[in-house]
K.L.:
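After the structure tokens below, expect a handful of questions from me.
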Amino acid sequence: MRRQRSSKGYCGTRFWRFCTPLIACLPLAFPTNAQSAEASADLLAAHRGGTLKLVAAASGGTLDPQINYSGKYINLFAVVYDGLATFKKVRGSDGNTVVPDLAENLPTPEDGGLTYKFTLRPGIHFSNGQLLTTADVTASIRRIFKVGSPTAGSFYSAIVGAEACLRTPATCTLKGGLEEDPARRTVTFHLKTPDTEFLQKLAFTHAVILPANTPEHDVGNTPIPSTGPYTITSYDPNKSLRLSRNPAFRQWSADAQPDGYPDAIDYSFGIPDEAAVTAVENGQFDWMADDIPMDRLGELGSRFTAQTHVMPHAAMYFLPMNVNIPPFNVLKARQAVNYAVNRKAMVIFYGGPGVARPLCGMLPSSLPAATDFCYYTKGASPEHPAAVWQAPDLEKAKQLVRESGTAGQKVTLVVGNTSVDMAMGVWVRDMLQTLGYQTTVRPLSTSLAFNYMQNTSNHVQIALKDWSADYPSPSNFLDDLLGCENFHPNSDSSINIPGFCNQTIQGLMDRAKTDVTLSSAETEALWRQADRLVMEQAPAAPLIEKDTVVLTSARLGNFFYTTVNQLFFSQVWVR
């Protein structure tokens with residue numbers, strides 16, 4: 001069950017709008033699927049063609065879809081690659097529904113939720129002409145472990161044999177966990193414990209199916225043959241990326257992977273966010289990947305309302321703190337940061353209360369089991385929580401720093417080099433200095449920052465990071481970001497940036513993920529309990545939950561936003 005959003009930020013029945021001191025009210029059309037279906041075939045055909053032009057300050061890193069964990073490319077990979085299952089490509093809440101993709105149907109779990117048997121659709125080819133077979137499926141699932149996918153542990157560890165694969169990836173076989181029958185085109189998964197979210201995890205990008213002969217290492221800048229309507233035809237991470245139509249693609253399911261409208265998708269890199277806003281306003285590009293700088297929101301609200309869209313998405317900003325090195329290996333130091341952060345200021349830096357709200361725990365309000373407490377606000381504590389965040393408590397924070405014995409230590413804050421991240425980062429630096437730390441900010445290119453934050457070899461003490469849901473579940477925030485299985489020392493694929501591991505909390509999360517006897521309310525209660533225990537230990541300081549502000553060119557039509565993939569590039573019109 002999804003929580004109802006407060007009407008404070010949205011109004012109207014057919015249109016959403018947001019109003020803040022920084023930006024005027026924006027009427028935002030959100031057409032229904034029925035409205036889209038009413039368009040005639042001739043009208044739809046008239047919009048096929050052209051080149052969709054995307055822009056970003058920096059590239060998104062590796063082209064390997066089983067390794068890359070950046071929203072910048074994951075949403076792009078959705079029109080390139082396919083899994084056995086995927087999320088339905090429709091607008092609105094129905095986009096959270098899992099549907100069969102390369103598989104003919106979604107299997108009904110057998111053996112108490114331990115067995116899933118998929119049958120492949122016949123006659124699907126990769127972009128290199130190679131026929132999709134069961135061997136490609138089993139090789140791709142093993143490859144998740146062999147290449148050290150960031151979600152190998154958190155998403156796929158329930159598969160029989162996964163523990164051995166996580167220990168020694170190079171020799172991964174998933175023996176007993178995968179069974180294929182080429183003659184019947186079937187692949188069967190055997191789980192050691194039930195996983196209530198297994199189909200959602202198979203629908204996520206890291207479980208896409210690649211040719212069986214794909215190298216068992218990060219392919220870097222080399223494209224991999226694909227099954228979707230587009231294939232990657234060129235990539236220079238310093239300049240651009242190009243998608244062209246996949247000549248082997250034939251639509252098998254409009255719900256899973258509809259044919260695309262643009263003939264090509266060009267992605268240009270090296271345009272700073274301020275310049276990108278102007279370029280999209282002027283029609284030089286159709287969409288920008290980076291957050292829109294706060295100082296540009298006013299003009300969007302007054303002059304570019306038809307091109308600006310505020311869309312819901314389970315997403316947040318937070319400060320992960322390394323619990324294994326000074327000064328944040330001391331609980332009171334981490335709690336001090338949580339008390340001292342002015343979440344109202346963070347809301348303003350992102351764009352105002354119409355597009356962001358203070359967040360006290362790790363679960364945004366659009367998720368089941370969303371945070372319903374606030375420990376670190378003036379007048380509150382873990383023993384006596386408040387209902388909502390009110391104000392920072394700087395004196396309490398200073399007292400905790402003194403008691404922690406960490407005052408005067410040197411601290412480096414790692415941030416991305418976008419305007420929004422830098423504004424937030426400079427404020428956090430000043431706050432840490434006020435608490436008594438000798439603090440500097442280290443801005444990094446957004447193509448490097450996330451991997452740098454994850455690797456313990458870089459000794460990152462504290463960082464500023466945004467995060468959004470892979471699919472709408474509390475596990476995406478609590479288990480992904482703070483689960484024991486997601487901490488991998490000396491690896492760029494260690495999304496548990498704080499290096500936090502608490503067996504009691506992990507037990508609650510594991511039960512929420514695996515106990516098929518629980519009702520939805522009981523499962524949500526477990527996640528909520530885990531959220532509260534996490535915040536008692538304060539391995540991170542949640543800052544804000546945020547909506548997505550999407551700026552598009554005047555020529556872009558059929559604005560098609562899904563709850564999982566956001567702007568779905570194959571379905572927009574540029575002609």
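FYI, side chains are in, hydrogens and waters are out, and symmetry mates aren't considered; it's all heavy atoms of this structure. Keep in mind that what you see is a predicted model, and the values were worked out from it rather than measured.
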K.L.:
Could you measure the distance from the CG atom of Asn455 to the OG atom of Ser493? Nearest 0.5 Å is fine.
P.N.:
9.5 Å
K.L.:
So do Ser157 and Leu166 actually touch side chain to side chain, heavy atoms under 4.5 Å?
P.N.:
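Yes. Closest side-chain heavy atoms under 4.5 Å.
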K.L.:
Does the side chain of Asn486 reach to within under 4.5 Å of the side chain of Leu481, using non-hydrogen atoms?
P.N.:
no
K.L.:
Under 3.5 Å, is there a donor-acceptor pair between the Ser365 and Glu545 side chains?
P.N.:
yes
K.L.:
If we count only N and O atoms by modelled type, under 3.5 Å, do the side chains of Asp479 and Ser154 hold a donor and an acceptor together?
P.N.:
no
K.L.:
Closest approach of Ser570 and Pro262, non-hydrogen atoms and distance?
P.N.:
O-CD, 3.5 Å
K.L.:
Partners of Arg142 by salt bridge (charged side-chain N to carboxylate O under 4.0 Å, His left out), sequence neighbours excluded?
P.N.:
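Testing Arg142 for salt bridge (charged side-chain N to carboxylate O under 4.0 Å, His left out), a comparison that skips the adjacent residues, returns none.
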K.L.:
Applying side chain to side chain donor-acceptor pair (under 3.5 Å), can you list everything that pairs with Glu163, at least two apart in sequence or on another chain?
P.N.:
Lys192
K.L.:
Nearest 0.5 Å, what's the CG-OG1 distance between Leu120 and Thr134?
P.N.:
6.5 Å
K.L.:
Just verifying a value: how many Å separate Asn246 CG and His125 NE2, rounded to the nearest 0.5 Å?
P.N.:
11.0 Å
K.L.:
Take Gln571 and Lys89, measure what side chain to side chain contact (heavy atoms under 4.5 Å, CB included) needs, and give me the verdict at the end.
P.N.:
CA-CA 9 Å; Gln571 296 307 289; Lys89 302 307 186 294; 5.9 Å; no
K.L.:
With a 3.5 Å distance limit and no angle check, can you tell me whether Asn68 reaches the backbone of Gly60 through a side-chain donor-acceptor pair?
P.N.:
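Yes: the side chain of Asn68 pairs with the backbone of Gly60.
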K.L.:
Can you name the residues that form a salt bridge (charged side-chain N to carboxylate O under 4.0 Å, His left out) with Arg245, not counting sequence neighbours?
P.N.:
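Listed in chain order: Asp259, Asp263.
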K.L.:
Flag the pair Asp266 and Arg242 as a salt bridge only when some basic side-chain nitrogen lies within less than 4.0 angstrom of an acidic carboxylate oxygen.
P.N.:
yes
K.L.:
Show me the pairs that pass salt bridge (Lys or Arg N to Asp or Glu O under 4.0 Å) and involve residues 565-575, at least two apart or across chains.
P.N.:
none
K.L.:
Taking all atoms of both residues into account, what is the closest heavy-atom pair of Phe269 and Asp236, and its distance?
P.N.:
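So the two residues come closest at CD1-O, 3.8 Å.
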K.L.:
I'd like to know if Asp111 and Lys117 make a salt bridge, using a cut-off of under 4.0 Å between side-chain N and carboxylate O.
P.N.:
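No, no charged N to carboxylate O under 4.0 Å.
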K.L.:
Angle between ring planes, Tyr561 versus Phe559, binned at 30° and 60°: parallel, tilted or perpendicular?
P.N.:
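Ring orientation of Tyr561 relative to Phe559: parallel.
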K.L.:
Please, which pairs that meet salt bridge (Lys or Arg N to Asp or Glu O under 4.0 Å) have at least one residue in residues 554-569, sequence neighbours excluded?
P.N.:
Asp286-Arg555
K.L.:
Give the C-alpha distance, both sets of side-chain angles, the deciding distance and a yes or no for salt bridge (charged side-chain N to carboxylate O under 4.0 Å, His left out) between Glu197 and Lys513.
P.N.:
CA-CA 7 Å; Glu197 298 179 355; Lys513 293 186 298 179; over 6 Å; no
K.L.:
Under 3.5 Å, is there a donor-acceptor pair linking the side chains of Thr552 and His309?
P.N.:
yes
K.L.:
I need the minimum non-hydrogen distance between Ala78 and Asn565, along with the two atoms involved.
P.N.:
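The answer is CB-ND2, 3.5 Å.
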K.L.:
Roughly how far, to the nearest 0.5 Å, is the CZ atom of Phe118 from the OG1 atom of Thr188?
P.N.:
9.5 Å
K.L.:
Not counting sequence neighbours, which residues clear side chain to side chain donor-acceptor pair (under 3.5 Å) with Lys88? List them please.
P.N.:
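With neighbours one apart ignored, the set is Asp94.
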K.L.:
With sequence neighbours excluded, give me every salt bridge (Lys or Arg N to Asp or Glu O under 4.0 Å) pair touching residues 170-183.
P.N.:
Asp181-Arg184
K.L.:
How about Thr62 and Tyr73: do any of their side-chain heavy atoms sit closer than 4.5 Å?
P.N.:
no
K.L.:
Can you name the closest pair of heavy atoms from Tyr350 and Ala356 and give their distance?
P.N.:
CD2-CB, 3.8 Å
K.L.:
Mind checking side chain to side chain donor-acceptor pair (under 3.5 Å) for Ser445 and listing every partner two or more places apart, or none if nothing turns up?
P.N.:
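Partners of Ser445 by the side chain to side chain donor-acceptor pair (under 3.5 Å) criterion, ordered by chain and then number, come out as Ser447.
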K.L.:
Would you please test Arg185 and Glu104 for salt bridge (charged side-chain N to carboxylate O under 4.0 Å, His left out) and show each step?
P.N.:
CA-CA 10 Å; Arg185 306 192 316 278; Glu104 290 184 335; 2.9 Å; yes
K.L.:
Take the angle between the ring planes of Phe569 and Trp287 and call it parallel below 30°, perpendicular above 60°, tilted in between.
P.N.:
perpendicular
K.L.:
Begin from the C-alpha positions of Phe87 and Thr97 and carry the test side chain to side chain contact (heavy atoms under 4.5 Å, CB included) through to its verdict.
P.N.:
CA-CA 6 Å; Phe87 293 96; Thr97 303; over 6 Å; no
K.L.:
I would like to know whether Phe560 and Trp573 meet ring-ring contact (aromatic ring centres under 6.0 Å, His included); could you show each step before the answer?
P.N.:
CA-CA 9 Å; Phe560 198 102; Trp573 300 338; over 10 Å; no
K.L.:
Could you give the distance from CD1 (Ile124) to CG (Leu102), rounded to the nearest 0.5 Å?
P.N.:
5.0 Å
K.L.:
Between Thr514 and Thr193, do the side chains contain a donor N or O and an acceptor N or O under 3.5 Å apart?
P.N.:
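Distance-only check fails for Thr193 and Thr514.
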K.L.:
Does a donor on one side chain sit under 3.5 Å from an acceptor on the other, for Thr418 and Asp291?
P.N.:
no
K.L.:
Rounded at 0.5 Å granularity, tell me how far CH2 in Trp527 sits from CE in Met509.
P.N.:
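Taking CH2 in Trp527 and CE in Met509, the distance rounds to 6.0 Å.
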K.L.:
Has Gln307 got a side-chain atom pairing as donor or acceptor with Leu551's backbone, closer than 3.5 angstrom?
P.N.:
no
K.L.:
Can you give me the closest heavy-atom contact between Pro65 and Ile224, atom names plus distance?
P.N.:
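Taking every non-hydrogen atom into account, CD-CD1, 3.8 Å.
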K.L.:
Testing the basics here: between Ala56 and Tyr267, what is the closest heavy-atom pair and its distance to 0.1 Å?
P.N.:
CB-CE2, 3.7 Å
K.L.:
Can you list everything that forms a salt bridge (charged side-chain N to carboxylate O under 4.0 Å, His left out) with Lys146? Sequence neighbours excluded, please.
P.N.:
Glu216
K.L.:
Taking only residues at least two apart or on different chains, which pairs with a member in residues 148-187 satisfy ring pair (Phe, Tyr, Trp, His ring centres under 6.0 Å)?
P.N.:
Phe155-Phe204, Phe155-Tyr471
K.L.:
Please list all pairs meeting salt bridge (Lys or Arg N to Asp or Glu O under 4.0 Å) that have one or both residues in residues 121-131, counting only residues at least two apart or in different chains.
P.N.:
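Every pair satisfying salt bridge (Lys or Arg N to Asp or Glu O under 4.0 Å) with a residue in residues 121-131: there are none.
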K.L.:
I need the full list of ring pair (Phe, Tyr, Trp, His ring centres under 6.0 Å) pairs touching residues 207-243, with sequence neighbours left out, sorted by first then second residue.
P.N.:
none
